[in-house]
Amino acid sequence: MTTSKISWEKRGDHVVLIGINRPEKRNAFDLEMLHGLSEAYTRYEEDDSLRCAVLHAHGAHFTGGLDLAAVSPSFRTGDWNRPEGGLDPLDLGGRHRTKPLVCAVQGYCFTIGLELMLASDIRVAAADTQFAMLEVRRGIYPVGGATLRFPQEAGWSNAMRYLLTGDTFGAQDALRMNLVQEVAEPGTQLERAVALAETVARQAPLGVRAVLASSRMAMVDGEAQAAAQLLPLLQPILDSADAQEGVQSFLERREARFSGK
């Protein structure tokens with residue numbers, strides 16, 4: 001990696017852990033970290049051996065948010081969150097991630113932390129996690145996707161309750177609002193996220209990507225367009241070695257061994 005503030009650790013053959021690593025600053029994001037995270041996501045996307053990633057953070061906190069003094073000037077140029085050609089870790093434009101991402105959070109999960117979490121696919125929070133969108137208390141508003149995804153995930157009034165006040169809420173509230181899927185004992189959230197990633201990685205990679213593609217299409221383009229593409233997405237997969245392995249493993253009553261081909 002080009003920065004020590006973003007860590008990279010493979011677990012087995014198919015899972016990678018991408019870590020936010022500036023614990024002495026409560027993992028506050030500067031441009032180096034944002035660009036490093038983009039590079040890590042791009043590396044994951046382009047490595048065919050990797051089937052699932054886990055976003056996590058070192059130290060007591062997922063992140064205290066953006067380092068506004070370091071990042072604010074680049075807001076005017078619009079190129080603050082990724083280098084040219086890289087994946088946007090907030091998944092707001094450019095190339096889209098096509099492989100699954102699990103997120104584990106703890107401690108402070110403020111502003112961009114919540115937005116990075118909302119841009120992931122499966123989320124696990126430690127029971128001590130505190131969430132907040134603080135932008136309205138800083139004279140600005142969220143530009144990392146919270147205004148798009150928070151209402152979509154939690155419902156309009158739940159989202160506005162926190163987006164408009166900047167109030168803090170806990171892991172159980174996040175679970176109630178569907179922002180996270182599981183709450184774990186503090187210190188075990190990463191272990192649980194890795195277990196979920198390993199389960200995902202054992203499934204058929206072509207099928208997993210198709211699930212993400214179809215679901216994204218339904219969310220972005222509408223159900224009618226996604227419905228029209230259900231069979232077209234399936235048809236090339238039917239000729240794959242993994243589809244044959246899926247049938248064979250069912251007949252032989254064993255766990256499938258998928259190759260991604």
Side-chain angles (χ1 to χ4, degrees), residues 5-6 18-31 33-34 37 54-72 75 80-81 88-92 101-193 196:
K5 297 175 184 177
I6 302 296
I18 299 171
I20 302 165
N21 190 26
R22 196 189 183 193
E24 71 280 3
K25 296 291 186 179
R26 294 179 177 172
N27 288 323
F29 269 84
D30 57 18
L31 286 177
M33 294 169 71
L34 288 164
L37 195 59
V54 177
L55 177 65
H56 70 106
H58 299 274
H61 303 287
F62 188 67
T63 176
L66 287 172
D67 185 340
L68 285 176
V71 175
S72 292
F75 283 163
W80 60 280
N81 63 347
D88 179 358
L90 295 164
D91 204 18
L92 294 175
L101 177 67
V102 181
C103 186
V105 299
Q106 77 279 357
Y108 293 161
C109 184
F110 292 169
T111 64
I112 194 172
L114 181 53
E115 291 176 312
L116 286 168
M117 188 189 78
L118 289 174
S120 70
D121 303 305
I122 304 172
R123 307 145 199 166
V124 180
D128 64 354
T129 309
Q130 298 179 65
F131 300 91
M133 297 303 302
L134 300 166
E135 286 83 351
V136 294
R137 298 189 177 197
R138 304 290 183 262
I140 56 174
Y141 89 109
V143 294
T147 57
L148 313 179
R149 298 187 176 114
F150 202 154
Q152 189 177 72
E153 299 276 6
W156 179 267
S157 295
N158 280 328
M160 293 304 115
R161 165 67 181 83
Y162 295 104
L163 287 172
L164 297 179
T165 64
D167 285 349
T168 301
F169 59 96
Q172 287 300 326
D173 281 324
L175 183 66
R176 172 183 61 82
M177 293 188 288
N178 300 317
L179 301 181
V180 302
Q181 284 63 62
E182 295 187 18
V183 174
E185 288 296 316
T188 69
Q189 69 281 347
L190 178 57
E191 176 186 350
R192 180 58 188 147
L196 287 167

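On a predicted model such as this, the values are computed, not experimentally measured, just so you know.
Between L196 atom CG and C103 atom SG the span is 12.0 Å, to the nearest 0.5 Å. Interatomic distance, CG of N27 versus CD1 of I6, reported as 8.5 Å (0.5 Å rounding). Between the NZ atom in K5 and the CD atom in E24 there is a gap of 8.0 Å [rounded to 0.5 Å]. Separating the CG atom in D67 from the CE atom in M33 is a distance of 9.0 Å, to the nearest 0.5 Å. Taking CG from N178 and CD from Q152, the interatomic distance works out to 11.5 Å, rounded to the nearest 0.5 Å. Note that CG of L34 is 8.0 Å distant from CG of L116, once rounded to the nearest 0.5 Å.
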- Item | Derivation and outcome, side-chain contact (heavy atoms from CB on, under 4.5 Å), residues T63 and F29 | CA-CA 8 Å; T63 176; F29 269 84; 3.6 Å; yes

- Task: With side-chain contact (heavy atoms from CB on, under 4.5 Å) as the test, would you mind laying out the steps for V180 and F131 before giving the verdict?
- Result: CA-CA 11 Å; V180 302; F131 300 91; 4.2 Å; yes

- Query: Should F169 and L179 be marked as a side-chain contact (heavy atoms from CB on, under 4.5 Å) after you check the CA-CA gap, both sets of side-chain angles, and the distance that decides it?
  - Reply: CA-CA 11 Å; F169 59 96; L179 301 181; 3.8 Å; yes

- Please assess R123 against L118 for the test side-chain contact (heavy atoms from CB on, under 4.5 Å), listing each intermediate value before the final yes or no. CA-CA 8 Å; R123 307 145 199 166; L118 289 174; 3.9 Å; yes

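Scanning both residues, L134 and T111, for their nearest heavy atoms gives N-CG2, 3.5 Å. Nearest heavy-atom pair, R22 versus A28, reported as atom, atom and distance to 0.1 Å: NH1-O, 2.9 Å. Annotation for A127 and P186: closest pair CB-CD, 4.1 Å, computed over non-hydrogen atoms. Heavy-atom minimum distance, G107 versus D128: N-OD1, 3.7 Å. For T168 against A132, the heavy-atom pair with the smallest separation is OG1-CB, 3.9 Å. Residue T129 comes nearest to C109 through the heavy atom pair CG2-CB, 3.9 Å, listed as atom of the first residue, atom of the second, then distance.
Partners of Y108 by ring-ring contact (aromatic ring centres under 6.0 Å, His included), not counting sequence neighbours, listed by chain and number: H61, F110.
No donor-acceptor pair closer than 3.5 Å links the side chain of Q189 to the backbone N or O of A184. Of the possible polar contacts, one joining the Q106 side chain to the A57 backbone as a donor-acceptor pair under 3.5 Å is found.
Among residues at least two apart or in separate chains, salt bridge (charged side-chain N to carboxylate O under 4.0 Å, His left out) pairs with a member in residues 172-187 are D173-R176, E182-R192. Screening residues 136-150 for salt bridge (charged side-chain N to carboxylate O under 4.0 Å, His left out), with sequence neighbours left out, gives R137-D167.
Of the charged side-chain nitrogens involved, none lies within less than 4.0 Å of a carboxylate oxygen, so that D30 and K25 do not count as a salt-bridged pair.
Residues L37 and I18 are in side-chain contact: their nearest non-hydrogen atoms beyond the backbone lie under 4.5 Å apart. A 4.5 Å side-chain heavy-atom check between E115 and I112 finds at least one atom pair inside the cut-off.
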